[in-house]
Amino acid sequence: MQSAFQTDLYQLTMAQARFLLGGTEPRASFTLNFRRLPFGGGFAVCAGLERALDFLDEWHVTEAEIAYLRTCKARDGSPLFAEAFLEHLGKLRFTCDVDAVAEGAVVFGNEPLLRITGPLTLCQMVETPLLNIINFSTLIATKAARCVLAAEGDEVLEFGLRRSQGPDGGLMASRSAYVGGVDATSNVKAGMLFGIPVAGTHAHSWIMSFDSELEAFRAYVETSTNNAVLLVDTYDTLEGVRNAITVGREMEDRGQRLFGIRIDSGDLAWLSIQARAMLDEAGLDYVKIVASNSLDEYTVRSLKDEGARVDIWGVGTSMVTGGDQSALDGVYKMNAIEDAAGNWSPRMKISDQIAKATLPGILGVRRFYDEAGLMNGDMIYSALSAAYHDGGNAVLKQSSASPAELRAVTPPVMLSALEDNAVMVDPADATRSKSFKKRTPYEELLVPVMREGKIIGEVPTLTDARARLAADLAKLDDSHKRFLRPHRYPVGIEQSLADERVALMRQLKGEG
């Protein structure tokens with residue numbers, strides 16, 4: 001389990017500074033999002049929510065961690081932390097409200113995935129661990145979804161533990177890949193902890209430990225009759241296929257069936273075509289062909305285009321590390337703060353480039369659907385903006401949610417109808433806009449998952465997350481699912497929020 005202490009030092013020094021200042025601590029609203037879609041793709045898959053909720057539910061600083069902080073020194077050699085603050089820190093528990101996008105949902109750049117609202121210090125102290133969980137999980141789930149799309153209905157296995165980013169990274173990668181749609185993992189610990197189906201074959205060393213490949217195959221199927229996949233490329237792949245055919249026929253004579261063969265090197269397209277022909281000619285048309293060896297979505301797609309006869313794809317390193325993209329550029333920013341009188345004020349970080357300026361307010365996201373039920377645009381809005389102004393109360397003071405509301409993460413999506421026309425503008429180009437007419441169906445993406453630090457309703461399961469992803473992909477136009485130059489999905493800022501962002505930016509720059 002992730003520790004509250006797995007954070008950056010400045011979270012603790014800011015917490016101490018706030019404590020030592022005294023007075024009433026303000027409440028604030030933060031959101032977590034990422035800026036750019038990974039892998040140059042047209043969508044991402046939100047993942048990590050269950051792990052994040054487990055972390056927040058158990059958040060506290062232990063006595064051992066407090067003892068360590070007592071040893072930390074400032075640059076002049078004095079104690080870095082005051083004893084009064086350490087005593088206070090040991091008593092803190094997470095008491096914020098959390099609203100989140102459903103795990104498994106298709107998401108896009110710049111829209112909030114989480115909204116954290118509560119005491120400022122607590123909101124700040126969970127920044128790093130939440131980014132750590134959501135960034136990695138979302139990256140891997142997205143990569144897995146792309147590999148599954150490339151396989152076009154073939155079975156996809158995650159084989160990446162040995163090259164994942166350490167033991168915990170391996171577990172999170174296996175879980176996230178399952179959210180992304182893979183059928184099974186080779187990671188036994190992930191199977192035990194998360195209920196993910198496990199799958200595997202045998203190593204080249206098994207073959208090499210016998211005097212001949214045929215002897216090794218016979219020994220393996222003798223003890224693994226109901227799960228036998230023979231690795232055929234230790235020496236000569238096609239000779240390995242011939243030996244597998246010999247063993248497969250011997251199994252048939254005993255009333256058994258060989259499940260499959262695996263090719264882990266060489267020209268996978270040509271070898272799989274040759275292997276399929278040999279197996280079929282031998283009457284073993286039911287034997288599956290498993291392919292592995294540095295696969296990713298592009299290689300899988302290319303091999304299928306070449307006519308590869310592969311039934312099951314084993315994807316490893318690329319899937320569990322993100323391949324050519326090692327991290328998601330997720331950020332966590334404050335958007336609003338409450339004064340002593342209970343009034344909320346927007347906050348934003350400004351930039352010379354308006355596209356990089358953060359959004360002010362208490363943020364939400366609405367996903368609109370067209371008449372065919374396809375996703376038609378996501379609009380970011382603020383409960384503090386002119387179009388939605390209610391002091392933030394409707395958004396921030398939802399004290400509970402029924403299990404049915406919380407589990408709107410599974411199909412069918414619970415939709416509302418737009419009460420009035422709405423306009424959203426492109427965050428990078430105010431001249432580009434998109435309108436939605438009255439009664440257009442929409443889904444509120446951020447739903448309540450914690451209130452005052454307590455989980456409400458039922459936490460969606462991995463099965464729910466996979467179902468949500470399948471439903472969302474079915475509602476996403478194919479143009480957004482292309483690997484090369486996908487069509488850009490419309491994500492915009494509600495018009496009054498966009499206007500208020502510009503006005504606040506001018507104010508902060510002293511332009512009037």
Side-chain angles (χ1 to χ4, degrees), residues 31-44 46 101 105-113 115 138 142 328-331 333 335-336 346-371 374-389 418 420-438 440-446 472 475-482 484-509 511:
T31 53
L32 184 155
N33 66 276
F34 61 87
R35 295 190 178 104
R36 291 176 295 276
L37 285 165
F39 314 115
F43 71 93
C46 185
V101 173
V106 165
V107 291
F108 306 92
N110 297 308
E111 57 189 29
L113 306 184
R115 185 178 66 231
T138 298
T142 305
L328 188 73
D329 64 342
V331 294
K333 300 297 183 182
N335 310 103
R347 291 288 189 272
M348 69 180 295
K349 173 188 175 297
I350 63 175
S351 170
D352 290 335
Q353 295 174 280
I354 190 170
K356 291 188 176 181
T358 61
L359 293 176
I362 298 167
L363 303 181
V365 188
R366 288 180 172 176
R367 172 164 294 165
F368 294 95
Y369 294 88
D370 65 16
E371 295 178 355
L374 295 178
M375 296 180 195
N376 195 31
D378 290 5
M379 183 180 74
I380 306 166
Y381 69 93
S382 168
L384 301 183
S385 68
Y388 294 87
H389 182 68
L418 198 60
D420 202 353
N421 297 339
V423 177
M424 69 180 191
V425 299
D426 190 314
D429 182 357
T431 66
R432 292 168 54 89
S433 64
K434 185 176 177 69
S435 300
F436 301 99
K437 295 181 179 180
K438 184 178 180 179
T440 297
Y442 71 87
E443 173 193 7
E444 201 74 53
L445 289 187
L446 289 174
D472 275 11
K475 297 171 186 173
L476 184 66
D477 190 83
D478 287 344
S479 64
H480 305 301
K481 292 181 269 191
R482 293 196 300 255
L484 297 176
R485 294 181 291 279
H487 187 61
R488 180 182 171 194
Y489 179 84
V491 176
I493 307 170
E494 188 271 324
Q495 182 69 67
S496 65
L497 172 58
D499 294 341
E500 291 178 19
R501 180 175 70 150
V502 172
L504 183 56
M505 182 182 294
R506 288 174 175 165
Q507 177 186 332
L508 292 171
K509 288 185 173 183
E511 297 177 359

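Predicted, not measured: the structure shown is a model, and the values here were computed from it. Computed from heavy atoms alone, side chains included, the values below leave out hydrogens, waters and symmetry copies.
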Would a 4.5 Å heavy-atom cut-off, applied to side chains only, mark Val331 and Leu32 as touching? no

Report yes if the side chains of Leu497 and Pro360 come closer than 4.5 Å at any heavy-atom pair, otherwise no. yes

With Cys46 as reference, evaluate Val107, Thr142, Val106, Leu445 under the side-chain contact (heavy atoms from CB on, under 4.5 Å) test and give the passing residue. Val107

Listed by chain and number, what are the ring-ring contact (aromatic ring centres under 6.0 Å, His included) partners of Tyr489, not counting sequence neighbours? Phe108, His480

Whether over 12 other heavy atoms sit under 6.0 Å from Arg482 CZ: yes

How many angstroms lie between CE in Met348 and CG in Asn335, if you round to the nearest 0.5 Å? 10.0 Å

Under the criterion salt bridge (charged side-chain N to carboxylate O under 4.0 Å, His left out), which of Glu111, Glu443, Glu444 is the partner of Arg366? Glu444

Which atoms form the tightest heavy-atom contact between Ala357 and Met505, and what is the distance? CB-CE, 3.3 Å

Does the side chain of Lys434 come within less than 4.5 Å of Val423's, by heavy atoms? no

May I ask you to decide if Val491's main-chain N or O and Asp378's side chain share a donor-acceptor pair within less than 3.5 Å? no

Run the side-chain hydrogen bond (donor to acceptor under 3.5 Å, both in side chains) test against Lys333 and tell me which residues pass, sequence neighbours left out. none

Evaluate Asn110 against Arg35 for side chain to side chain contact (heavy atoms under 4.5 Å, CB included), listing each step before the verdict. CA-CA 5 Å; Asn110 297 308; Arg35 295 190 178 104; 4.3 Å; yes

With the side chain counted from C-beta on, respond yes when Asn421 and Lys438 share a heavy-atom pair under 4.5 Å apart, and no when they do not. yes

On a heavy-atom basis, the closest approach of Ile362 and Ala336 is CG1-CB, 4.0 Å

Taking atom CZ of Arg488 and atom CG of Leu37, what is their separation to the nearest 0.5 Å? 10.0 Å

Write down the atom of Asp429, the atom of Thr431, and the distance for their closest heavy-atom approach. OD1-OG1, 2.5 Å

Value for CG (Leu384) from CZ (Arg347), rounded to nearest 0.5 Å, stands at 11.0 Å

For Leu418 and Met379, what are the C-alpha separation, side-chain angles and deciding distance, and is it a side chain to side chain contact (heavy atoms under 4.5 Å, CB included)? CA-CA 12 Å; Leu418 198 60; Met379 183 180 74; 5.6 Å; no

Show the nearest heavy-atom pair for residues Lys509 and Ile350, with the distance to one decimal. CG-CD1, 3.6 Å

Approximate separation, where rounding is to 0.5 Å, of Leu328 CG and Arg36 CZ: 9.5 Å

What is the minimum heavy-atom distance between Ala44 and Phe34, and which atoms define it? CB-CZ, 3.7 Å

Specify the closest pair of heavy atoms between Leu374 and Asp477, including all atoms of both residues, with the distance to one decimal. CD1-OD1, 4.3 Å

To the nearest 0.5 Å, what is the distance between NZ (Lys481) and NE2 (His487)? 14.0 Å

Decide yes or no for Val425 and Arg501: does some side-chain heavy atom of the first lie under 4.5 Å from some side-chain heavy atom of the second? no

Cut-off 3.5 Å, side chains only: do Thr31 and Asn33 have a donor facing an acceptor? no

Reported CE-to-CG distance for the pair Met375 and Asp472, which is rounded to 0.5 angstrom: 3.5 Å

